[in-house]
Protein chains: 2
Amino acid sequence: MSKLLTDLIEALRCLPGVGGKSAQRMAFHLLERDRERGLRLSQVLGQAMRDIGNCSRCRNFSETPVCTLCASSSRDRQVLCVVESPTELAAIEQATGYRGQYFVLLGRLSPLDGLGPQELGLDLLADRLAEGEIEEMIIATNPTVEGEATAHYLAQLARAAGVRPTRLAHGVPLGGELEYVDRGTLAHAFGSRQALD
Amino acid sequence: MSKLLTDLIEALRCLPGVGGKSAQRMAFHLLERDRERGLRLSQVLGQAMRDIGNCSRCRNFSETPVCTLCASSSRDRQVLCVVESPTELAAIEQATGYRGQYFVLLGRLSPLDGLGPQELGLDLLADRLAEGEIEEMIIATNPTVEGEATAHYLAQLARAAGVRPTRLAHGVPLGGELEYVDRGTLAHAFGSRQALD
């Protein structure tokens, strides 16, 4: 196999979930049938890797200093949702009808990994809360040990600024069967049972 | 989501087996964790799409006028294996200990799609056979209707040049269970049963 083709197959393996076999299939597919879109991918990918930075206001991915979401006048400025990463922001945008703004931590509190309040941009977040516009801060960190610790810290930050902190509800997933729900979740859901009216 | 990010996700969908969800996961993965390899993929991909052409001797993918396989002095020049596409060449190289040379048709005879002897480079193949070095031509086209028609045509070409044509054996796949082998294959395997000595 030619050097360049071997290099291409190797390079494609940087994609998550793509092993040697799929990488080879992708390389041959593009070469045999889709060079134009392959070239386009090469261009867009290079541009994205170079030009996509972080919004100076919410830290989400953005190629402009302030992202479209922060710049939008149609988003509710009284609610702020804090997430760990852009992936989670995208998931919330796609699944919910949330119309407020976001703040992306780009991580979670993890002193052992060198991730403290500064790395998570919490000074930026504090400034944002101090602006006085925000009334509710929805804490949407992941329900992991570190995510919960981060949520706890964030809640204190919100209260200090006179902002009401809220947290995503935990419980049995919709469509899930109790039998297959893990113990921790089931215990939590049981303890947090809600009155039906 | 930013324009460039949306473009990247859309562009990644040119890869076979990658839908919207995987494309998004790939884009976020590269942006969050692997920009360097993302940039490298962009470069190699662009270079491959632009520079990989076809070997003037065997028509396999190559960024040089004559591919390494054709240029190699360690390959047997008396056997030529004819395949439909570079993918199949790669499969044979990886699975077998074949040490001869190749010829890639880049298609199969299919007059309705405008693929005739000329498009498959059969004049080039005829020249090759006329050189007189080749003794056996292994016809490894796919066992489809069009592949079989192509094989038939190729066999005539070989015989006309005094070259012995051979064809890959058809039959029950190794490790396959007779119960699950399709009828056509089973009938063929039954009819072509071989003596045990």
Side-chain angles (χ1 to χ4, degrees), chain A residues 1-18 22-53 55 60-64 67-69 85-91 93-94 106-107, chain B residues 1-18 22-53 55 60-64 67-69 85-91 93-94 106-107:
Chain A
M1 218 180 280
S2 88
K3 167 87 174 60
L4 194 46
L5 187 50
T6 317
D7 285 353
L8 174 58
I9 292 171
E10 182 52 42
L12 281 164
R13 297 187 58 176
C14 72
L15 299 171
V18 175
S22 316
Q24 184 178 316
R25 193 167 135 247
M26 288 173 170
F28 279 121
H29 172 87
L30 293 177
L31 283 167
E32 283 178 34
R33 261 162 266 162
D34 223 351
R35 294 212 184 201
E36 214 158 293
R37 287 178 76 195
L39 265 178
R40 160 122 182 104
L41 171 59
S42 151
Q43 284 154 3
V44 175
L45 182 59
Q47 209 188 337
M49 295 296 116
R50 276 186 298 268
D51 298 350
I52 293 185
C55 168
N60 189 19
F61 288 140
S62 173
E63 66 263 28
T64 48
C67 73
T68 45
L69 242 153
S85 77
T87 324
E88 279 122 30
L89 188 157
E93 274 295 288
Q94 284 160 13
L106 300 176
Chain B
M1 219 180 281
S2 87
K3 168 86 173 61
L4 194 46
L5 187 51
T6 317
D7 285 352
L8 175 58
I9 293 172
E10 182 53 41
L12 280 164
R13 296 188 59 175
C14 72
L15 299 171
V18 175
S22 317
Q24 184 178 314
R25 192 167 135 247
M26 289 173 168
F28 279 121
H29 172 87
L30 292 177
L31 283 168
E32 282 177 34
R33 261 162 266 163
D34 224 349
R35 294 211 184 203
E36 214 158 294
R37 289 178 75 197
L39 264 179
R40 160 123 182 103
L41 171 58
S42 149
Q43 284 154 3
V44 175
L45 182 59
Q47 209 187 337
M49 294 297 117
R50 276 185 298 266
D51 297 351
I52 292 184
C55 168
N60 189 19
F61 288 140
S62 172
E63 66 263 31
T64 48
C67 73
T68 45
L69 243 154
S85 77
T87 324
E88 279 122 31
L89 188 157
E93 274 295 289
Q94 285 161 13
L106 300 176

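Every chain is numbered from 1, with letters handed out A, B, ... down the list of sequences.
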Looking only at heavy atoms, the pair that brings A:Leu30 and B:Cys14 closest together is CD2-SG, 3.9 Å
Comparing A:Pro16, A:Ser2, A:Gly46 against chain B, the one with the most heavy-atom pairs below 4.5 Å turns out to be A:Pro16
B:Leu69 versus chain A, the contacting section by heavy-atom distance below 4.5 Å = neither
Closest heavy-atom contact between B:Leu45 and A:Gly38?
-> CD2-O, 3.4 Å
Sort out for me which of A:Asp7, A:Leu12, A:Leu31, A:Leu5 touches chain B most, counting heavy-atom pairs under 4.5 Å.
-> A:Leu31
Could you state the interatomic distance from CE (A:Met49) to CG (B:Leu39), rounded to the nearest 0.5 Å?
-> 7.0 Å
If you count heavy-atom pairs under 4.5 Å between each of B:Lys3, B:Glu10, B:Arg13 and chain A, which one has the most?
-> B:Lys3
For residues A:Leu4 and B:Glu63, report the shortest heavy-atom separation together with the two atoms involved.
-> N-OE2, 3.0 Å
Pairwise side-chain contact, A:Leu15 with B:Val18, heavy-atom cut-off 4.5 Å (strictly under) | no
If a pair satisfies side chain to side chain donor-acceptor pair (under 3.5 Å) and one of its residues is in residues 23-42 of chain B, list it, with sequence neighbours excluded.
-> A:Thr87-B:Glu32, A:Gln94-B:Gln24
